[in-house]
Amino acid sequence: MSDHSKAIVPIESWCYSSPEVRYKGISIDIGLMAEALIYYDRIYLNVSNQPQFAEILKWFIKQGMYQELLQLMKENIISVYEYSFATAPVNHSGSYILVNVQDELQQEPNTFGQRFLEHEDVRACFDSPADIQGLHDALENGVIEAKASDYGHAVENAKADFDDELRLANLLQTFLDEVYPILGWGKPLDVSVTVKQKSGKKIITWNVNFAKIADALGDNLNFHNGIPLAGLGVCNRLIQSASELNCDLYLGKPMSSLVGNKLYEVNYKYLKPKDVINQLIAEVEFPDIRSMVNNEQIGIKEILKIRKKAVRFRDWLQMEGEKDRNAIIAYHHELSKESGLLKFGRKSLNIFGILGGSIAGAIISNSVGGPGGAALGSVAGAGIVYLTDIGSKIGQEWRPVVFGNWSKEYIKKILQTKTGGPLSP
C-alpha cells in the first residue's frame, strides 16, 4: 500500500512540463525537485539524458554541496529513475507515429553507470576521478532503469486516445493554456479537432496554427505536430511507473492535467460505485519555493533547512483517512514564519488524488465490456490492457496523490459525452 512517503519527480522542462522554464533555455526544472524534497521523505528523480543529469550535479557543486548530494543519494532520499528509452513521435512518410526508441546498450540491464556516469558531460563536472567514483558508490543501490519492453501497452493506449476528437482538443488546450501567457497572447482560443481516416492514415485537423505557435515559442521548446502525441505517451508511462513504485507524482504543468485526466478515466471506468479522486486547492502562507530556486534566490542549503522543519507536512500527507485542510494551511504558515520566509508571500497549493476516504470493496473489471467499457469505446487490444492494469493497482494497493494543477471538468465533459449522462461530482 502506498504511504505517500515518496514521489516520482520528472524535472525535464519541455512543452508538456514546465514550458515556461524551457522557454528561457533551461533544460531542467530544478525547483520542482527542491519542492518535492520538502513534501516527501524520498524522491525518484527522473531526467531524460546525460546533459540534464550533469546540470543537477553542477547545481550542487556550484553551491559547495556535492558531498551533501552524495549523502542524500546514499540514504536513498534521492534515487534516480531512468527511462532507458525515449517515448517519441517519429515522422514517417509525413505522418507522426509514437514509438519507444531504445538502442542496444539501453536494452541491457544495469548500464546507467556506463551510459551516464562515464559520459563526457558528467565527467566534465569534476576535477578528480575520486569525485566520480564517489558518485558511482552513492548510486550503487539508488538507480532504477525502466526498459522499453515494459511500456508497450502505455504507448498503445496513447495511440488509441488519438481516435477521440474531444480528447485531442483537451490535449492541445492544456498546452495552449500554459504557453499563451508566456507569449503574452491573452486568452487561449477554444480548440476543436476533427479526425478522419483516409487511405489507411489518420488525418487530424486542428483549428490551431501550429506553425505560428512553433515560430513564437522558438527552438528551445521545438513545438511541432507530434508533440501532443508525445505528451500522451509520457503521461502514460509516468502513471505506470508510479503505480509500480506505489508512489505519488510531483509534476509540472501541463503534465499534471494529462495525468489527472487519465487517472480520472481509469477511476471512472474501473472503480465502483463512486468517484474517489478529490482535489485540495488552497492559498497558503508560503513562498513559491520552485520559482525562488529557479530564479537563484535560494539554494539547496535553504531547502535542506526547510526540509528538516517540514516533518509535519510529510506526516500530514502520510496519515490515513481524511486529510484536514485547515491543518495543512496552518503548517505552511507556521513553517514560513519559523523559517523567515513569511515576507516572500503566498502560493497556491494544488493537490489531487485519493486524499482520504476508502476504496475498500471497489469492483475491478477486466473485460472490455465492464463498467463504462462500451461507452469509452476507443481503446482496444493492448490499450485496454494498460487501463485494466492501472485500474487494478488503484483498486488494490496504489492510492496516488499528485501535486500539480488539474481540472476534472475537461475529462468529465468527455466521459459524459460518451455515456450520455451525468457523472459523479
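Every heavy atom of this structure was used, including side-chain atoms; hydrogens, water molecules and symmetry mates were not.
- Other residues, nucleotides and ligands place more than 12 heavy atoms under 6.0 Å from the CD atom of Gln197.
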Dump the intermediate steps for side-chain hydrogen bond (donor to acceptor under 3.5 Å, both in side chains) on Asn350 and Gln279, then the final yes or no.
CA-CA 7 Å; Asn350 296 276; Gln279 290 179 278; over 6 Å; no
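- Between Ile281 atom CD1 and Ile351 atom CD1 the span is 10.0 Å, to the nearest 0.5 Å.
- The main-chain N or O of Ser95 is never found under 3.5 Å from a side-chain atom of Asn225 such that the two would form a donor-acceptor pair.
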Where do Asp215 and Lys212 land on the side chain to side chain contact (heavy atoms under 4.5 Å, CB included) test, with the steps shown first?
CA-CA 5 Å; Asp215 184 63; Lys212 178 182 177 182; 5.9 Å; no
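- Side-chain contact check for Glu35 and Tyr250: at least one donor-acceptor pair (N or O, by modelled atom type) lies under 3.5 Å.
- You'll find the side chain of Ser5 stays beyond 4.5 Å of the side chain of Tyr40, heavy atoms only.
- Remark: Lys62 NZ is loosely packed, at most 12 non-hydrogen atoms of other residues, nucleotides or ligands lying under 6.0 Å away.
- Note on ring orientation: taking the six-membered ring where Trp is involved, the planes of Trp406 and Tyr264 are tilted (angle from 30° to 60°).
- Checked by atom type and distance alone, the side chain of Asn267 never pairs as donor or acceptor with a backbone atom of Leu263 at under 3.5 Å.
- In terms of heavy-atom proximity, Asn295 sits nearest to Lys24 at OD1-NZ, 4.2 Å.
- Remark: side-chain polar atoms of Asn236 are paired, donor with acceptor, to backbone N or O of Ala154 under 3.5 angstrom.
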Would Asn100 and Thr87 count as a side-chain hydrogen bond (donor to acceptor under 3.5 Å, both in side chains) here? Give the steps.
CA-CA 4 Å; Asn100 286 331; Thr87 300; 2.8 Å; yes
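- Arg237 forms a cation-pi arrangement with Phe85, by the criterion of a distance under 6.0 Å to the ring centre and an angle within 45° of the ring axis.
- To the nearest 0.5 Å, the span separating CG on Asn46 from CD1 on Ile8 amounts to 5.5 Å.
- For the pair Asp29 (side chain) and Ile11 (backbone), a donor-acceptor distance under 3.5 Å is absent.
- One distance of note links CD of Glu283 with CZ of Arg346; it measures 5.5 Å at 0.5 Å rounding.
- Aromatic rings from His224 and Tyr96 are positioned such that their centres are separated by under 6.0 Å.
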Stepwise, does the salt bridge (Lys or Arg N to Asp or Glu O under 4.0 Å) test hold for Asp161 with Lys262?
CA-CA 10 Å; Asp161 279 350; Lys262 184 61 67 175; 2.8 Å; yes
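- A salt bridge links Arg312 to Glu334: one of the charged nitrogens lies within less than 4.0 Å of a carboxylate oxygen.
- A heavy-atom distance below 4.5 Å is found between the side chains of Ile300 and Leu304.
- Side-chain N/O atoms of Asn76 and Asn141 include no donor and acceptor closer than 3.5 Å.
- Taking the six-membered ring for Trp, Tyr83 and Tyr151 have ring centres closer than 6.0 Å.
- A 4.5 Å side-chain heavy-atom check between Ile78 and Tyr44 finds every atom pair outside the cut-off.
- The backbone N or O of Val191 sits less than 3.5 Å from a side-chain atom of Gln173, completing a donor-acceptor pair.
- The shortest heavy-atom contact between Thr174 and Ser257 is CG2-CB, 4.0 Å.
- Within the 3.5 Å criterion, the main-chain N or O of Ser13 finds no donor-acceptor partner in the side chain of Ser17.
- Taking the six-membered ring for Trp, Phe223 and Tyr23 have ring centres at least 6.0 Å apart.
- Using modelled atom types, no side-chain atom of Arg314 and backbone atom of His4 make a donor-acceptor pair closer than 3.5 Å.
- Side-chain contact between Tyr180 and Lys187 is absent, with no heavy atoms from C-beta onward closer than 4.5 Å.
- Annotation: side chain of Arg115 is in contact with side chain of Leu105 (closest heavy-atom distance under 4.5 Å).
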Report the C-alpha separation of Leu238 and Met255 in whole Å, then their side-chain angles, then the decisive distance to 0.1 Å, and conclude whether the side chain to side chain contact (heavy atoms under 4.5 Å, CB included) test is met.
CA-CA 10 Å; Leu238 282 171; Met255 183 53 65; 4.0 Å; yes
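- A side-chain donor-acceptor contact under 3.5 Å links Gln63 to the backbone of Trp59.
- Within the model, atoms OG1 of Thr205 and CD of Glu165 stand 9.0 Å from one another, a figure rounded to the nearest 0.5 Å.
- Note: Ile43 CD1 to Ile77 CD1 = 9.5 Å, rounded to the nearest 0.5 Å.
- Checked against the 6.0 Å centroid criterion, the rings of Phe313 and His332 qualify as a close aromatic pair.
- The minimum heavy-atom distance linking Lys408 with Ile277 is given by the pair NZ-O, 3.1 Å.
- For the atom pair OG (Ser243) and NZ (Lys393), the distance works out to 3.5 Å, reported to the nearest 0.5 Å.
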Side chain to side chain contact (heavy atoms under 4.5 Å, CB included) assessment of Arg22 paired with Glu12
CA-CA 9 Å; Arg22 192 56 171 250; Glu12 179 183 19; 4.3 Å; yes
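- Proximity of a side-chain donor or acceptor of Gln240 to a complementary backbone N or O of Asp150 within less than 3.5 Å is detected.
- Counting heavy atoms from C-beta on, the side chains of Trp206 and Thr194 never come closer than 4.5 Å.
- Shortest non-hydrogen contact noted between Ile239 and Leu249 is N-CD2, 4.5 Å.
- Within the 4.5 Å cutoff, no side-chain heavy atoms of Ile144 are placed close to those of Ser79.
- Surrounding CG of Asp219 are at most 12 heavy atoms belonging to other residues, nucleotides or ligands under 6.0 Å away.
- Here the closest heavy-atom approach between residue Met292 and residue Pro287 is recorded as SD-CB, 3.5 Å.
- The cationic atom of Arg167 (NZ for Lys, CZ for Arg) does not lie both less than 6.0 Å from the six-membered ring centre of Phe162 and within 45° of the ring axis.
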Tyr81 and Val47: side chain to side chain contact (heavy atoms under 4.5 Å, CB included), yes or no, with the steps?
CA-CA 8 Å; Tyr81 192 96; Val47 293; over 6 Å; no
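- Formation of a donor-acceptor pair under 3.5 Å by the Glu145 side chain with backbone atoms of Thr111 is found in this model.
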Can you check salt bridge (Lys or Arg N to Asp or Glu O under 4.0 Å) on Lys347 and Glu285, steps first, answer last?
CA-CA 7 Å; Lys347 68 170 285 186; Glu285 293 278 3; over 6 Å; no
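- Between Tyr16 and Val234 the shortest side-chain heavy-atom distance does not fall below 4.5 Å.
- In the displayed structure, Lys253 atom NZ is contacted under 6.0 Å by at most 12 heavy atoms of other residues, nucleotides or ligands.
- The pair Glu55-Lys58 counts as a salt bridge, with a side-chain nitrogen and a carboxylate oxygen less than 4.0 angstrom apart.
- Contact detail for Cys15 and Ile227: the closest heavy-atom pair is CB-CG2, 3.6 Å.
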